[in-house]
Amino acid sequence: MLREFSKKNILILPASNWVQCLYPADNSCVFMKKPSPRRISAKKQTTASTKPHHTVFENHFKSQEANLRKLYDELYHNHTLAVPNWELLVGTIRQAFHNRPSGFKIKDQSKTGSTPWYLSNTLVGMSLYVDRFSDNLQKLGDKLDYLKNLGVNVLHLMPLFESPDGESDGGYAVSDFRMVNPRFGSLDDLKVLIARMQEKDMYLMLDMVLNHTSDQHTWAQSTRAGDPYFMDYYYMFEDRTLPDQFESAMPEIFPESAPGNFTYLPDCKRWVMTVFHSYQWDLNFSNPRVLVEMLDHIFFYANLGVDILRIDAPAFIWKQPGTNCQNLPEAHTLLRLIHLALRLATPGMAMLGEAIVSSAEIMKYFGTGDYRARECDFAYNATLMALQWDALATGKTKVLRSAQKELIKKPLGTTWITYTRCHDDIGLGFSDEHIIVGGFDPSAHRSFLKDYYSGEYTGSPARGALFSVNPKTLDGRISGTLASLCGLEAALEMQAPAAISQAIDKIILMQGMQGHSIFIGGLPMLYYGDETGYLNDYAYLEDYSKNYDNRWMHRPIIDWNLNGRINIDGSPQQRIFTDTQRLLQIRRSMPVLTDFNNIEWLPDENIHVSGYVRHTENSKLFCLFNFGPYPVYLSWFVFKPMARERDILYDHWNHQQIVIGPDQQHIQIKGYGIVLAEWGADEGMKE
Ligand code: GLC
């Protein structure tokens, strides 16, 4: 579509070759290469190529074939089946392009090129379990207006494809990658939902569980039946020699419920690698056939209309005895190869690597060296997520701030999924170094955090539980809903209005700190139920397929009568929902929040406060978060490096002007409060 734009609607993004062009009529935007002044004043613009799609594909393929081959050879040059599988791989990529519906090909053009659509401030996501949120896919279609009203336009639907009844790790044990689990509906229902979402300009994120299959998958069943062809799809061993070598260096993921990394199969007298649960068999990607098969499934999702592919557990996809079998260089090569294949055939689908690893390791998932910004388009900012919880428990932000030096090195053109809570536990895997900078002893500090959130620490209002405690190392992670961890469950039980109010402030701080997420740069991913303050659900204890996994306490079943309370003035649901909605509105209205690495941390003036500024050449948003219970006062020096001697800022959160300058000594932020102060706001931008 050809659209006109004027200088006023162009936002120059710093340190980048991009500009964001805004269309006030419908609040949409596109990204373009920084135009020359002549191009800015041009009346009509289009980014769409006029070449036929297949010519564009063929040219792109030719230009990248050697690179694809190089990545493939790095992994498989010694494999006896390298050549036939290379041909299959190329055929799979061509077929995927051929199968791609023409509407998606047109959309691909507007999403790619110089248009990294996924960096936009207009995107906000929510993760949800279809059955627990709305029963099934059909009914989810009727909830789209509720989600849009909240401000959500990206849906991460938790695993939808066939998995066994009973134990399935919440669907992360897939037994058929192409068949929608009848519990949710059918493939046709999914297609209808996607069409409804597209009509509403919503985007879809789905999982590709790449590391393993369910033991009920046909490959696993054929293996069990002794088929040697499929045995090579998994890591199978006749005796313990290699399993023991592996075990000596591999950590355990679920030490309580699934100790060890191998499971014995009495029927075929073999050991199979099962890093997660015994019913999740690790796929053997050193067999090139496995890569081709899984890539074909990935393309199937892309051609359904998936916008973001969440690659589950990519840190684990390559194994090598004697290593911890995580984050190995070959895992990165595999991801680069998949990323390139997607760019060639289905370029509108972005790739998210769900690696929950330390800040130093996570940066590698964006690509390094020649592959910088050519691996995952998205990664989870798990360090930030966990450190927000650290700051809330301690009331101090030094540990949180110390990790940012590393995290801001993220390559331009890639982005984060930022979040406060998700379906998994909160891990404390951030590095000791950050804790030491914060002035704490790492081991004592982690113990404190575990005690605080499991409610063991005297005076802690949190109601959570420890997940997967390793009796050997005493490592442990944390389960519990956002609201229960912030003290709402305890406060409601006590019927204490002041405690209820404080818990709600904490929830909003954490979402708003997700305001670190909503405002820090990246795609904020809310977690269903948090928008109305769901408390822990202890019903999982009655279900044998779930009672060993307390992550189910924060996977609520939505009661739509309860959600109706968002219309009752003063109810906790209404306060949390409307404040979350307001945070999202502020995000959407501010192009400066598009992620072009345009962030600067503000001087570390007050130990309770975390603050940064998001900036472009003509706009700045100062974001300040007080993690302590008491009001704090900041001097204007906090703003000085980024503002003029005397300035007037407009705080969109508290609807107030803030005057800064030498004769204005301080601004105040209330306990657990937020300030979102814009420099350069004109009258029209104020709500
Ligand atoms: C990912 C999922 C988690 C699951 C694991 C194994 O980390 O988020 O829920 O248990 O992978 O598939």
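Numbering of ligands and ligand atoms starts at 1, following listing order. Predicted, not measured: the structure shown is a model, and the values here were computed from it. Note that these values count all heavy atoms, side chains included, but never hydrogens, waters or copies made by symmetry. Numbers here simply count residues along the sequence, with the first being 1.
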For ligand 1, list the protein residues that place a heavy atom within a distance below 4.0 Å of one of its atoms, sorted by chain and number.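 Residues within 4.0 Å of ligand 1: Asp169, Tyr172, His212, Phe254, Phe276, Gln280, Arg310, Asp312, Glu354, His423, Asp424, Arg551.
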More than 12 foreign heavy atoms under 6.0 Å from CG of Asp267: is that the case here?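 Atom CG in Asp267 is crowded, with more than 12 foreign heavy atoms closer than 6.0 Å.
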Does [X] pair with [Y] as a salt bridge, N-O distance under 4.0 Å?
| X | Y | result |
| --- | --- | --- |
| Asp377 | Arg343 | yes |
| Asp530 | Arg421 | no |
| Arg446 | Asp432 | yes |

Hydrogens and angles aside, do His277 and Glu167 bring a side-chain donor and acceptor to less than 3.5 Å of each other?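 Side chains of His277 and Glu167: no pair found under 3.5 Å.
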Report yes or no: does Glu247 contribute a side-chain atom to a donor-acceptor pair with the main-chain N or O of Gln245 at less than 3.5 Å?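 No, because the side chain of Glu247 does not come within donor-acceptor range (under 3.5 Å) of the backbone of Gln245.
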